[in-house]
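Heads up, the thing below is written out as structure tokens.
No hydrogens, no waters, no symmetry mates; every other heavy atom, side chains included, goes into these values. In this text, all values refer to a predicted model and were calculated from it rather than measured experimentally.
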Amino acid sequence: GHLVESGGGLVQPGGSLRLSCAASESVFSVGYAGWYRQAPGKLRELVAVITPFNVTNYEPFAKGRFTISVDNTKAMMYLQMNSLKPEDTAVYYCSSGGLVWGQGTQVTVSS
């Protein structure tokens, strides 16, 4: 299957965005599902993961601000991002098992 992200854009500091990831089959096609991000000049980093049993885990910078979720069809995954900061600016990718990747969606946090 393949994954397609959407929902990125330009937002002011303190604002919110909701990213979506649409899977052709299931976001869990290769195990857990997750959101990653890559800022300019930096390595891609994990943001949050979710398992088929709805267990979630967040990187410290995402805890309390971001929420990862999957719908009942298991074909849609979301990342609700609140209290956004300029350092959250990056291309955000969804992935299944770290093996199947979407093309990414740009998130820019700037005033």
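In terms of modelled atom types and a separation under 3.5 Å, the side chain of Ser16 and the main chain of Asn82 share no donor-acceptor contact. No donor-acceptor pair under 3.5 Å is formed between the side chain of Ser20 and the backbone N or O of Ser6. Counting only distance, with no hydrogens or angles, the side chain of Ser95 and the backbone of Val100 share a donor-acceptor pair below 3.5 Å. Judged by distance alone, with hydrogens and angles left aside, the side-chain atoms of Gln80 form no donor-acceptor pair with the main-chain N or O of Phe66 at under 3.5 Å. For Tyr58 (side chain) and Ile68 (main-chain N/O), a donor-acceptor pair under 3.5 Å exists by modelled atom type. For Gln38 (side chain) and Glu45 (main-chain N/O), no donor-acceptor pair under 3.5 Å exists by modelled atom type. For the pair Ser96 (side chain) and Val27 (backbone), a donor-acceptor distance under 3.5 Å is present. Judged purely by atom type and a 3.5 angstrom limit, Thr56 has no side-chain atom pairing as donor or acceptor with the backbone of Ile50. Between the Arg37 side chain and the Ala90 main chain, no donor and acceptor come within less than 3.5 Å of each other.
Taking the side chain as every heavy atom from C-beta outward, Arg65 and Asp88 approach each other to under 4.5 Å. Counting heavy atoms from C-beta outward, Gln103 and Tyr93 have side chains that stay 4.5 Å or more apart. Side-chain contact check for Leu17 versus Val107: some heavy-atom pair is nearer than 4.5 Å. The side-chain heavy atoms of Val109 and Gln12, taken from C-beta on, include no pair separated by under 4.5 Å. Residues Trp35 and Leu19 form a side-chain contact, since some pair of their non-hydrogen atoms from C-beta on lies under 4.5 Å apart.
With rounding to the nearest 0.5 angstrom, the CZ atom of Arg44 is 9.5 Å from the OH atom of Tyr36. Atom CG in Leu84 sits 12.0 Å away from atom OG in Ser110 (nearest 0.5 Å).
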